[in-house]
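Following: one structure in structure tokens, then a few remarks.
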Amino acid sequence: MTENINTQTINQRLDWAASETLRHLPTASPDDHRTGMRHLASGVSIITTCDCETKVGLTATAVCSVTVDPPRMVVLVNKKVAAADSILASGSLCINVLSAGQAHLAKVFAGMVEGVFGPARFEHGSWQTRVSGAPVLEGALATFDCRVVKVFDESTHHALLCEVLDASEPPGGEPLIYVNGAFCRVSPLES
């Protein structure tokens, strides 16, 4: 049976095509790409959701603002992590942006603390809920409570387009950054 696809719901520019000259060139090797990406500093967030009564979460660095009006963000989640299916099932997530003082939480939700996994991760930090029901970290640098509005299947990851239902008023502080395989804090350049 052929599926009837309404192109208005895809939001893809169907009048645009990739360069024919560039289309046939080989891509960089995964190792070269990975090595280069080690030098791209990224903010660190904990992405959370609640699937039925089970809280799940993961540490992520692939989070980006898309638009302010409407308020939208994109989160990339590896399909292999348990939280990926939970996010798809619940249709909601919270982006909890970590401060420099929350590196331990980043390690907990990245599976880097021995013996701590699954719902036990939420024994670290103080959690509440807001609009979507996803866990929200008290004391996070910023939080974005979201509904997932579109899912793009991108190779090893889901690209989740989210609309922000509630955003926290940031308490201030330095962001936690991940670069060159380590969690770091930002040091301002001297003038």
* If a pair satisfies ring-ring contact (aromatic ring centres under 6.0 Å, His included) and one of its residues is in residues 55-99, list it, with sequence neighbours excluded. => none
* **ring-ring contact (aromatic ring centres under 6.0 Å, His included): pairs with one or both residues in residues 24-44, sequence neighbours excluded** => none
* Structure fact -> Members sharing I95's hydrophobic cluster, built from side-chain contacts under 4.5 Å between Ile, Leu, Val, Met, Phe, Trp and Tyr, are I47, L58, V63, M73, V75, V77, V81, I87, L88, L93, V97, L141, F144, V148, V151, L160, V164
* Asked: For residues 60-119, which residue pairs qualify under ring-ring contact (aromatic ring centres under 6.0 Å, His included), counting only residues two or more places apart or in two chains?
  -> H104-H124, F109-F122, F109-W127
* Asked: Between Q102 and G139, is there a donor-acceptor pair closer than 3.5 Å when you use the side chain of the first and the backbone of the second?
  -> yes
* To do: Check whether the side chains of T156 and N78 place a donor and an acceptor atom closer than 3.5 Å, and report yes or no.
  => no
* **Whether N96 side chain and V136 backbone form a donor-acceptor pair below 3.5 Å** => no
* Give a yes or no answer on whether the side chain of T48 reaches the backbone of P135 with a donor-acceptor pair at less than 3.5 Å. => yes
* To do: Mind listing the closest non-hydrogen atom pair of C50 and G133 along with its distance?
  => CB-O, 3.6 Å
* To do: Identify the heavy atoms of T54 and P119 that sit nearest to each other, and give their distance.
  => CG2-CG, 4.2 Å
* Determine, step by step, whether M112 and F183 satisfy the side-chain contact (heavy atoms from CB on, under 4.5 Å) criterion, reporting the C-alpha distance in whole Å, the side-chain angles of both residues, the deciding distance to 0.1 Å, and the verdict. => CA-CA 12 Å; M112 299 169 74; F183 296 107; 3.9 Å; yes
* Inter-residue atom distance E138.CD - S168.OG, 0.5 Å rounding -> 11.5 Å
* For the residue pair T49 and S86, confirm or rule out a side-chain donor-acceptor distance under 3.5 Å. => no
* To do: Taking the side chain as every heavy atom from C-beta outward, state whether T61 and L40 have any pair of such atoms under 4.5 Å apart.
  => no
* **Results of salt bridge (Lys or Arg N to Asp or Glu O under 4.0 Å) for D69 - residues two or more places apart only** => none
* Linking I/L/V/M/F/W/Y whenever any side-chain heavy atoms sit under 4.5 Å apart, do V44 and V74 land together? -> no
* Asked: OG of S90 to CG of D51: how many Å apart, nearest 0.5 Å?
  -> 6.0 Å
* Quick one: list whatever passes side chain to side chain contact (heavy atoms under 4.5 Å, CB included) with T27, sequence neighbours left out. => none
* Set of side-chain hydrogen bond (donor to acceptor under 3.5 Å, both in side chains) partners for K79, sequence neighbours left out -> D153
* Structure fact -> In short, V186 meets P175 closest at the heavy-atom pair CG2-CG, 3.9 Å
* Set of salt bridge (Lys or Arg N to Asp or Glu O under 4.0 Å) partners for E163, sequence neighbours left out -> R72, R147
* Looking only at atom types and distance, does a side-chain atom of D145 sit under 3.5 Å from a main-chain N or O of S132, one as donor and one as acceptor? -> yes
* **Expected output: side-chain S45 to main-chain A60 donor-acceptor under 3.5 Å** => no
* Which heavy-atom pair separates G57 from R121 by the least distance, and what is that distance? -> O-NH1, 2.9 Å
* To do: Could you list the residues that satisfy side-chain hydrogen bond (donor to acceptor under 3.5 Å, both in side chains) with R130, not counting sequence neighbours?
  => T143, D166
* Please name all residues satisfying salt bridge (Lys or Arg N to Asp or Glu O under 4.0 Å) with E169, sequence neighbours left out, ordered by chain then number. => none
* To do: Go through the structure and list residues passing side-chain hydrogen bond (donor to acceptor under 3.5 Å, both in side chains) with S29, not counting sequence neighbours.
  => D32
* Scan for ring-ring contact (aromatic ring centres under 6.0 Å, His included) pairs involving residues 46-84, sequence neighbours excluded, and state none if there are none. => none
* Structure fact -> To the nearest 0.5 Å, atom CZ of R185 lies from atom CG of L176 at 8.5 Å
